[in-house]
There are 2 protein chains.
Amino acid sequence: MFAAVSTETSDAVRKTLEFVRHHRLSKGDRLPSERDLSERFGVTRGSVREALAVLDAMRITERKPKSGIYLRNELEDSGLDALVLQADLGLPFDAQVTRDVTEARILCEEQAFRLACQRRTDADLAKLDQLLDTYAALVANGSNLADEDVAFHLAVVAASQNRVLVRTLTPLMLMSTGWRRRYFASAEIRQRSLIDHRAFVVAIEARDEATATMLVHRHVQTAAEDVRALAEQGATDSDSKD
Amino acid sequence: MFAAVSTETSDAVRKTLEFVRHHRLSKGDRLPSERDLSERFGVTRGSVREALAVLDAMRITERKPKSGIYLRNELEDSGLDALVLQADLGLPFDAQVTRDVTEARILCEEQAFRLACQRRTDADLAKLDQLLDTYAALVANGSNLADEDVAFHLAVVAASQNRVLVRTLTPLMLMSTGWRRRYFASAEIRQRSLIDHRAFVVAIEARDEATATMLVHRHVQTAAEDVRALAEQGATDSDSKD
DNA sequence: CTACCAATCTGGTAGGACCAGATCAAGGCG
DNA sequence: CGCCTTGATCTGGTCCTACCAGATTGGTAG
């Protein structure tokens, strides 16, 4: 969202989050005044207020009239949307968050895939086949698979006929766009990914819950491990870069 | 968040969402200009811009410079945070969303409870016992159980040692604060809720995964059914009122 | 009918102003 | 010396005006 177009507002959001982290502020701590922040960041008070409106809506900060701006949560305890924002802004996650995201994804996707097996319609299958085709095409010419991968996984989840589940998994997928992008640099991995996805569709078409959950578990787990290995090689380069 | 203090910004958010729904705008449609909206809503352009910053961050709208404001998603396809916001603002959900939330909660909480059985620490148990005490006290004097219920459930999830899972379930819990509030009006239900919660803790302490998942499934399911029954009796009063 | 140009509209940003409650320090009173 | 009143100051909430530059659009000239 914000990553695409760099506005003063998104700058202010980023700088505010950086300020909070840099000064190691924790729950209840007070931030500088809007006027102060606008000076620090070199933007108008209006832009700062827009940023604070966003942080407020995300329950990261709380603006107390005539008093000040207070941190509502530890930055690490903020909502998923805030983590997605963090990823969008190019701020790194710590290793624990990364592990937790992977685990949560596996748990939720397993359940979603199970439901998808039970409820998938022919339309869902058609959609998946279509996505598989474009996926294969992208694998062939070596384009950016990251977005298409997300789309595919979410399409499978959508086959569960539970839209809340889709929305639940969306941020979990979006948070890992950073890894995903580097992950798909390898041609071998791209190929394997396509094979896995094909297996997904087969299992879902056959309504084979056991295989489906097994597949998703293995798929996400091995992907996470590969990414971890990549991260260790890649030394200190920040995760979640967009 | 916004429900507590009624600001011009939150008004603008609410009115914008109402505008979208009232005019049946769908993905890609263009909203009136900021200046126009500020006139309609009777607030400053600044307040409108704050509201749009929030809606932008939630991926509901997209502001294209020198062009206009466009709807990014159908209102029904927006993120979970947007649904929480919707609940906060007192806007109703449709029945499907309600069912989906319940199902998603059950799926995720079952998994979280399972992990909690495996990983709960003594500190977690202590925390749960403490929450159970305050819960019992509130049941006794008939106070508002809604918030405490959320806190308890999230504390159990937290015992899974997966903070992302907590953040995933938080919006699912928050979205149902409306029902919850009416739900706990019945003294019998309060009492039964306490018993259920006690059983949770016992199962988690014993690391009894099977019982724990069974309990949470039954707990949430029956609660959802009770709420549905209430809603049918309560005729057309809107859900999710805060 | 087409091509081009200018008026208009749009979001992005800036800067100033006022309000009223919160905060805090100085001063006065006991 | 300590407590309480009081006033200056700070804060977020809101409003207003203004300018910029690209997008849009309408009309005019060819």
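Quantities reported herein were computed from a predicted structural model and do not represent experimental measurements. Per chain, numbering begins at 1; letters A, B, ... match sequence-line order. Keep in mind that the numbers below use all heavy atoms, side chains included, and drop hydrogens, waters and symmetry copies.
- Between B:F184 and B:Y135, the ring-plane angle classifies as perpendicular under the 30° and 60° cut-offs.
- Using a 4.0 Å heavy-atom criterion, one finds that A:T44 contacts the bases of the nucleic acid, with or without backbone contacts as well.
- Ionic pairing of A:E34 and A:R45 is present here: one or more N-O contacts between side-chain nitrogen and carboxylate oxygen are shorter than 4.0 angstrom.
- Remark: A:S33 is not in phosphate contact with D:dC10, judged by side-chain N or O atoms under 4.0 Å from OP1 or OP2.
- At a cut-off of 3.5 angstrom, counting only N and O atoms as typed in the model, there is a donor on one side and an acceptor on the other between the side-chain of A:R45 and the base of D:dG13.
- Within 4.0 Å (heavy atoms only), B:L52 reaches no atom of the nucleic acid at all.
- A salt bridge links B:D11 to B:R14: one of the charged nitrogens lies within less than 4.0 Å of a carboxylate oxygen.
- The side chain of B:E8 has D:dT14 as its nearest neighbour among C:dT13, C:dA20, D:dT14.
- Rounded to an integer number of Å, the gap from CZ of A:R35 to C1' of D:dG12 is 7 Å.
- Taking atom NZ on A:K64 and atom C1' on C:dA20, their separation rounds to 18 Å, with Å as the unit.
- The distance from atom NZ of B:K66 to atom P of C:dA7 is 19 Å, rounded to the nearest whole Å.
- At the phosphate of C:dG12, neither OP1 nor OP2 sits under 4.0 Å from any side-chain N or O atom of A:T7.
- Comment: A:E50 engages B:R63 in a salt bridge, judged by a side-chain N to carboxylate O separation of less than 4.0 angstrom.
- Within the 4.0 angstrom heavy-atom criterion, no nucleotide atom of any strand lies near A:G46.
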